Amino acid sequence: MQAEAATIAPSGAAELVRRAAALIFDVDGTLAETEELHRQAFNHAFAHHGLDWQWDRAVYKDLLRVTGGKERMRAYHGRRPIAPPLPDADIAALHRIKTAHYAELVETGCCPLRPGVIELLAAAKSRGQRLAIATTTSHGNIDALLSQALGTNWAAQFDAIVAGDDVRHKKPAPDVYLETLARLKLDASSCVAIEDSANGLIAASRAGIPVLITRSIFFADDDFSEARAVLDDLSELGSAKPEN
């Protein structure tokens, strides 16, 4: 059983969030439980491309340790020793098909934001806090999700939006968070990162940012002992009573 002795209660987490100059959000698993849709979209792309690959949930959960869709496909392909190398052009084509199908799935409205997300965004804005996104996913995937959930003008709510392709190294490297801090022109200690995975926790921590974890389906059993707070979902922030 993982140790979380260093974490604080929901009331302390709510205070941590209230005091932050900026809240920096991961996307997949944090804002919405998107990973199952991603898995379905990958399998659609494989079938469309004539590959006999089929990622079930157990395989996909393991592959999520590799950040980035194209990187994930390369990692899976590398585990098949008798397969000839898959050209970069094929990987890129697969990823385009996957991304397009993911957008189609999201547009059906089947993937709402997780509990407490909309309320936290509204509360942060009312307090004058800045909002940012730091994610491994692509700009297209972010837009597909948040256009559906927050409206076509969703990007105006965020002061910085940094995606995986904007930086050299993806999570657990700190690059995406360091770039976000640079765009916000804020010190790491004045912000709070909201994540759902160990890779995200490591990335934000390496950038010096305190981390609040909201557990998601695929990463619920990750080690979050280094997080400042661990919640089941962000609705716990709204129901928490301030500490005396």
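One is the number of the first residue; the rest follow in order along the sequence. All figures in this text were calculated on a predicted structure; none of them were measured in a lab.
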**Report entry** Pair D222 + R65, salt bridge at N-O below 4.0 Å
**Finding:** yes
Query - Electrostatic pair K185-D159, nearest N-O below 4.0 angstrom - result: no
Report task. Quick one: closest heavy-atom pair of A20 and V192, and the distance? Result -> CB-CG2, 3.8 Å
Requested in this report: Answer with yes or no whether the side chains of D143 and W154 bring together a donor and an acceptor at under 3.5 Å.
Outcome: yes
Query - Atom pair CD/CD1 of E179 and I161 - distance to nearest 0.5 Å - result: 13.0 Å
Query raised in the report: So how far is it from L146 CG to I133 CD1, rounded to the nearest 0.5 Å?
Result: 5.0 Å
Requested in this report: Could you tell me whether the side chain of T99 and the main chain of R96 form a donor-acceptor pair under 3.5 Å?
Outcome: no
Requested in this report: Would you check if V17 and L120 make a side-chain contact, meaning some heavy-atom pair closer than 4.5 Å?
Outcome: yes
Requested in this report: Assess whether atom NE2 of H49 is packed by more than 12 heavy atoms of other residues, nucleotides or ligands within 6.0 Å.
Outcome: yes
Query raised in the report: More than 12 non-hydrogen atoms from neighbouring residues, nucleotides or ligands closer than 6.0 Å to CZ on R168, yes or no?
Result: no
Query raised in the report: Hey, is R39 close enough to E35 for a salt bridge, meaning N to O under 4.0 Å?
Result: no
Query raised in the report: If we only count heavy atoms from C-beta on, is the F218 to E36 side-chain gap below 4.5 Å?
Result: yes
Query raised in the report: Are side-chain N/O atoms of D28 and H38 paired as donor and acceptor at under 3.5 Å?
Result: yes
Report task. Test D233 against S235 for side-chain hydrogen bond (donor to acceptor under 3.5 Å, both in side chains), laying out the working first. Result -> CA-CA 6 Å; D233 62 60; S235 67; 2.3 Å; yes
Report task. Would you check if the side chain of Q148 reaches a backbone N or O of A144 as a donor-acceptor pair within less than 3.5 Å? Result -> no
Query raised in the report: Does any donor atom in the side chain of S189 or D187 lie under 3.5 Å from an acceptor atom in the other side chain?
Result: no
Query raised in the report: So do the side chains of V27 and T136 get within less than 4.5 Å of each other, counting heavy atoms only?
Result: no
Query raised in the report: Can you find a heavy atom in the side chain of N141 that is under 4.5 Å from one in the side chain of V106?
Result: no
**Report entry** T67 side chain to N199 side chain, donor-acceptor N/O pair below 3.5 angstrom
**Finding:** no
Requested in this report: Give a yes or no on whether a salt bridge exists between D88 and R74, defined as a side-chain N under 4.0 angstrom from a carboxylate O.
Outcome: yes
Query raised in the report: In Å and rounded to the nearest 0.5 Å, what is the OG to CG distance from S197 to D223?
Result: 12.0 Å
Query - Short side-chain to backbone donor-acceptor contact, S205 and I202, under 3.5 Å - result: no
**Report entry** Passing candidate, side-chain contact (heavy atoms from CB on, under 4.5 Å) with I194, options I213, I24, D26, L234
**Finding:** L234
Query raised in the report: Does some side-chain heavy atom of I209 sit less than 4.5 Å from a side-chain heavy atom of T180?
Result: no
Query raised in the report: Counting only N and O atoms by type, is there a donor-acceptor contact under 3.5 Å from the side chain of R72 to the main-chain atoms of V66?
Result: yes
Query raised in the report: Do the side chains of R228 and L201 get nearer than 4.5 Å, heavy atoms only?
Result: no
Query raised in the report: Is there a donor-acceptor contact under 3.5 Å from the side chain of K98 to the main chain of A93?
Result: no
Requested in this report: Fit a plane to each ring of F42 and W55, take the angle between them on a 0 to 90° scale, and name the class: parallel (under 30°), tilted (30 to 60°) or perpendicular (over 60°).
Outcome: tilted
**Report entry** Distance-only side-chain donor-acceptor flag, R114 / T214, under 3.5 Å
**Finding:** yes
Query - Salt bridge flag under 4.0 Å for residues D52 and R80 - result: yes
Report task. Please examine the side chains of H139 and V162, heavy atoms only from C-beta on, and report whether any two atoms are closer than 4.5 Å. Result -> no
Requested in this report: Measure up the F25 and F158 rings against each other and bin them: parallel (under 30°), tilted (30 to 60°), perpendicular (over 60°).
Outcome: perpendicular
Query raised in the report: Which value, rounded to the nearest 0.5 Å, describes the distance between K170 atom NZ and E71 atom CD?
Result: 3.5 Å
Query raised in the report: Are the side chain of R130 and the backbone of L184 linked by a donor-acceptor contact shorter than 3.5 Å?
Result: yes
**Report entry** Under 3.5 Å: donor-acceptor pair, side chain of D56, backbone of A58
**Finding:** yes
Query - Donor on one side chain, acceptor on other, E195 and Y177, under 3.5 Å - result: yes
Query - Reported SG-to-OH distance for the pair C111 and Y102, which is rounded to 0.5 angstrom - result: 5.5 Å
Report task. Report yes if some heavy atom in the side chain of L23 is under 4.5 Å from a heavy atom in the side chain of C191; otherwise report no. Result -> no
Report task. Answer yes when D62 and R79 have at least one side-chain N-carboxylate O distance shorter than 4.0 Å, and no when they do not. Result -> yes
Report task. Please check if atom CZ in R57 has more than 12 non-hydrogen atoms from other residues, nucleotides or ligands closer than 6.0 Å. Result -> no
